[in-house]
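Down below is the structure, laid out as structure tokens.
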Amino acid sequence: MRNAKTIFPAIAMAVATLGAAAPGFAQKMLASYPTLTTDAALRAAQAALAQCQKQGYTVAVAVADRGGQPLAMLRDNLAGAHTSLTAINKAYTAVSFRIDTSELAATTQPGKPASGIRQLPQVVAVGGGLMVRAKGSLVGAIAVSGAPNGDADDACAKAGIAAINDAIELE
């Protein structure tokens, strides 16, 4: 049986070692990352909607943060009822898979290995959802629904990104 003279110093050393290591762990417990603000999302959505209206399209526009949660959603008064939810889900899809939805649509066609992705809830694999990046980091997504095709949706979404791109790159 060990005596107190050998056990207590060993316990004290173990406690001191753990105590010294604790601050190192505390510093690594939280992540810090960039994401779009509500103001940036609203500005991008307004620019995308304006671009589509200029083209004569009645659409909905959604902007999501980097976690896929909607920050802004605008809908033209005459846009179809389905366009709001479709735009929100396109933005969610772009952020979730870290790919523009037109590219996801191409890679998930029936018969392709990734075709099952289309069956997941909220996934919309058609054009119109674009990632928003700042300084190389994914910070959110913008999506448009209601233009005549995915390419037209993409063009309006690109106008939304262009409206905030300089400001978010300077942050």
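How far CD of Q53 is from CG of D76: 5.0 Å, rounded to the nearest 0.5 Å. Atom CG of L42 is separated from atom CD of Q46 by 4.0 Å, given to the nearest 0.5 angstrom. Within the model, atoms CG of L71 and OG1 of T38 stand 5.0 Å from one another, a figure rounded to the nearest 0.5 Å. To the nearest 0.5 Å, the span separating CG on L138 from CG on L36 amounts to 8.5 Å. Distance check, rounded to the nearest 0.5 Å: CG of L120 to CZ of F97 gives 5.0 Å. C156 SG to I161 CD1: the interatomic distance, rounded to the nearest 0.5 Å, is 12.0 Å.
With hydrogens and angles disregarded, a donor-acceptor distance shorter than 3.5 Å links the side chain of D154 to the backbone of G128. Side chain of K90 to main chain of V126: no donor-acceptor pair is present (N/O by atom type, distance under 3.5 Å, no hydrogens or angles). With hydrogens and angles ignored, the 3.5 Å screen pairs no side-chain donor or acceptor of S145 with any backbone N or O of D153. Remark: the backbone N or O of R66 is paired with a side-chain donor or acceptor of T35 at under 3.5 angstrom.
Nearest heavy-atom pair, A143 versus G129, reported as atom, atom and distance to 0.1 Å: CB-CA, 3.9 Å. Of all heavy-atom pairs between A47 and A159, the closest is CB-O, 3.9 Å. The nearest pair of heavy atoms linking I88 to P70 is CG2-CG, 3.8 Å. Shortest non-hydrogen contact noted between V61 and A45 is CG1-CA, 3.7 Å. Closest non-hydrogen pair, M131 versus D100, comes out as N-OD1, 2.9 Å. Scanning both residues, A91 and A141, for their nearest heavy atoms gives O-CB, 3.4 Å.
Crowding of R43 atom CZ: a count of heavy atoms from other residues, nucleotides or ligands under 6.0 Å not exceeding 12.
You'll find the side chain of E169 stays beyond 4.5 Å of the side chain of R133, heavy atoms only. Using a 4.5 Å heavy-atom threshold, the side chains of V124 and T101 count as separate.
Neither V132 nor Y92 shares a network with the other; the hydrophobic side chains, linked directly or stepwise wherever heavy atoms of I, L, V, M, F, W or Y lie under 4.5 Å apart, form separate groups for each. Both V63 and I168 are assigned to one and the same hydrophobic cluster, defined by single-linkage of ILVMFWY side chains at heavy-atom distances under 4.5 Å. If you chain together hydrophobic residues whose side chains sit under 4.5 Å apart, M73 and V144 never meet in one group. Residues L74 and I142 share a hydrophobic cluster, clusters being chains of Ile/Leu/Val/Met/Phe/Trp/Tyr side chains in contact below 4.5 Å.
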